[in-house]
Enquirer: 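Next up is a structure, given as structure tokens.
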Amino acid sequence: MNKHYLYALLAVIVLFFVAYVGAEVFGLRIIFGVLIPYLAVIVFIAGFIYKVMGWARSAVPFRIPTTCGQQKSLPWIQPNKIDCPNSTGAVVIRMILEVCCFRSLFRNTKMSLEEGDKLTYRWEIWLWVFALAFHYSFLVVILRHFRLFTEPVPFFIQLLEKVDGFFRIEVLYDTIQTGLPGVFLSGLVLLAAVTFLLLRRILLPQMRYISLAADYFPLFLIFGIAFTGILMRYFTKIDVTAAKSLAMGLVTFHPTAPKGIGGIFYAHLFFVSILLAYFPFSKLMHFAGVFLSPTRNLTTNTREKRHENPWNYPVPVHTYDEYEDEFREKMVEAGLPVDKPFEKPPETLSDEKADSSA
Amino acid sequence: MNDKKWIIAGIVVFLAIFAFPFWYNMGKAAPAPEVKLTEKAKAAKQCVMPTEYMRAEHMQLLDVWRHNVVRNAEREFVNTEGKTFNMSLSNTCMDCHANKADFCDKCHDYASVDPYCWDCHLDRSKENE
């Protein structure tokens, strides 16, 4: 057992009961259905801008791209244009591939000792596969939810729902009946992928060693969001028109908190609110940070061009020439080499003559 | 590098996308639709099951009905109050709820749900018009 993931799990369980009991037992529907979501959105937007503007103010005086290929140099050496980009266009391609395909993760390797003490590195693809599945299914789930926030529902959301609900999985037995309304694949993929990413951190000893509560908390929270969502859609059921009227009330600034949607819905909404409010202050800001990562978004033209620190300001300098001028006599006396030979002033010259004549 | 203008542009684009539901629905009020009950439905007072159950779970009930009729050739449904109904969407459900456009479609359109009932079943209300 590890206190880091226990704390995170406990926090998510407490959050669930706060919302469930709050809405179901005490009937605080206005608080959990209106006030907290609005607050969360305000915190999200303000925190997001604050964080990104903080990064924008930070100095990036040096070019520090990581090169993953041959840099452009002599004409007969073939450069790698995307992995060592020397033009803005190539950087844009590199960034698009990074943001959309997670190429850095694709290069993930696993280090282990084989045959006793042979250090080996192996390509490890599963993190990349599940990270891709996680991010894209989460994106589809978020976009699908726009059906509850728009009236009329735009055609591209409906198209997405059609594609997502392509597989019609209906289960009907005496003991279990599910699959209506139609199963959306993205929700199940999201739950599976977040479970993988969570178990990876919990079960692999080297991952557990470097993981803190802040690593587990978002995973448990997103698990909770996907779980409550799937629970409501396929198992416990809620009145979806009432849920949409609440969502539409929020976005049209005529908030309502109708009856007929149970505690699970408010727990789901509360989880999402917590995720939004927590987002700017957590590791989840890699969403914005990936665009600002200087190891990826800078051109690798460090040999082609001279890059001066744009923030250079006049600094009082004491050059070597000035230093030598100041101390030349003492340097000569101490037997140190000097660039310019020491020329004795005229008065000392006469002294020397007097000495030699004596 | 001084890329502040690009970063601000990025934030503006992101916030515009994030706020899509706010500006898309600007100035519109979209309250939950009220279903219209026919005279016959009003007179019956209660559906085959309680209203709350029907609102959330009618699709499950219809699924069971279809299964029992098509697979088991059972046509009788006895509800919790002991009343017996003929398991039929066209002849039982839509006998009372003959106004598909004002009853079924209103909520389905609002929630962007596209059930496949009417791929096979006929909408009798169109015949009557």
Side-chain angles (χ1 to χ4, degrees), chain A residues 41 44-45 48-49 52-53 55-57 59-61 63 144 146-154 157-158 161-162 165 168 170 172 177-182 236-254 256 258 260 287-288 291-292 294 297-298 307 310-311, chain B residues 1-35 50-68 70-72 106-117 119:
Chain A
V41 167
F44 175 78
I45 291 173
F48 195 92
I49 292 173
V52 176
M53 289 320 289
W55 292 333
R57 274 193 297 274
V60 186
R63 302 244 143 191
R144 262 204 293 105
F146 276 35
R147 84 178 165 120
L148 302 173
F149 293 94
T150 51
E151 181 60 33
V153 180
I157 303 295
Q158 289 180 325
E161 286 186 305
K162 284 254 163 58
R168 195 161 277 165
E170 287 172 17
L172 178 55
Q177 182 197 3
T178 190
L180 283 168
T236 64
K237 306 289 182 189
I238 62 158
D239 178 3
V240 73
T241 43
K244 179 158 181 174
S245 72
L246 186 149
M248 287 303 296
L250 289 176
V251 294
T252 53
F253 300 104
H254 297 289
T256 52
F287 169 56
F291 294 97
L292 302 184
N297 68 11
L298 291 174
H307 295 282
W311 288 282
Chain B
M1 270 62 28
N2 204 335
D3 295 333
K4 217 174 247 181
K5 59 178 186 291
W6 297 112
I7 295 171
I8 290 170
I11 293 181
V12 169
V13 168
F14 169 68
L15 288 182
I17 295 171
F18 180 80
F20 171 73
F22 291 98
W23 53 259
Y24 181 81
N25 297 306
M26 192 105 72
K28 277 186 261 179
E34 293 284 324
V35 291
T51 310
E52 288 305 305
Y53 177 88
M54 292 309 290
R55 267 181 188 269
E57 309 211 21
H58 59 279
M59 67 298 267
Q60 305 253 63
L61 184 83
L62 289 171
D63 193 26
V64 173
W65 280 23
R66 179 182 60 181
H67 181 87
N68 287 351
V70 176
R71 306 279 172 196
N72 305 343
K106 261 198 164 170
C107 289
H108 287 158
D109 289 347
Y110 185 67
S112 176
V113 180
D114 185 18
Y116 54 81
C117 307
D119 290 3

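Residue numbers begin at 1 in each chain, while the letters A, B, ... track the order of the sequences. For the numbers below, each heavy atom of this structure counts, side chains included, while hydrogens, waters and symmetry mates do not.
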Enquirer: Shortest non-hydrogen contact from A:P152 to B:Y24?
Expert: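 Heavy atoms only, the tightest pair is O-OH, 2.8 Å.
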Enquirer: Please report the shortest heavy-atom distance between B:A56 and A:D239, naming the atom on each side.
Expert: CB-N, 4.4 Å
Enquirer: Where is the tightest heavy-atom contact between B:R66 and A:E170, given as atom of each residue plus distance?
Expert: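 Residues B:R66 and A:E170, closest heavy atoms: NH2-OE1, 3.0 Å.
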Enquirer: Taking the six-membered ring for Trp, are A:F48 and B:F18 ring centroids under 6.0 Å apart?
Expert: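 Between A:F48 and B:F18, the centre distance exceeds or equals 6.0 Å.
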Enquirer: Begin with the C-alpha distance, continue with both residues' side-chain angles, and end with the deciding distance and a verdict on ring-ring contact (aromatic ring centres under 6.0 Å, His included) for B:F14 and A:F287.
Expert: CA-CA 11 Å; B:F14 169 68; A:F287 169 56; 5.1 Å; yes
Enquirer: Against chain A, label B:I8 side chain, backbone, both or neither, depending on which of its atoms sit under 4.5 Å from a heavy atom there.
Expert: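 Side chain only.
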Enquirer: Is the side chain of B:N25 donor-acceptor paired with the backbone N or O of A:E151 at a distance under 3.5 Å, no angle test?
Expert: yes
Enquirer: What heavy-atom pair brings B:Y110 and A:S245 nearest, and what distance separates the two atoms?
Expert: OH-CA, 3.5 Å
Enquirer: Please state whether the side chain, the backbone, both or neither of A:F291 comes within less than 4.5 Å of a heavy atom of chain B.
Expert: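 Nothing of A:F291, per the 4.5 Å heavy-atom cut-off to chain B.
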Enquirer: Are the side chain of B:E57 and the backbone N or O of A:K237 linked by a donor-acceptor pair below 3.5 Å?
Expert: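 Judged by distance alone, no pair lies under 3.5 Å.
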Enquirer: Which atom pair, heavy atoms only, marks the closest approach of B:S112 to A:V153?
Expert: CB-CG2, 3.7 Å
Enquirer: Which pair of non-hydrogen atoms, one from B:F22 and one from A:V251, has the smallest distance, and what is that distance?
Expert: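 Scanning both residues, the minimum pair turns out to be CD2-O, 3.6 Å.
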Enquirer: Should B:L15 and A:I49 count as side-chain neighbours, where that means a heavy-atom distance under 4.5 Å?
Expert: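 Contact flag for B:L15/A:I49 side chains = yes.
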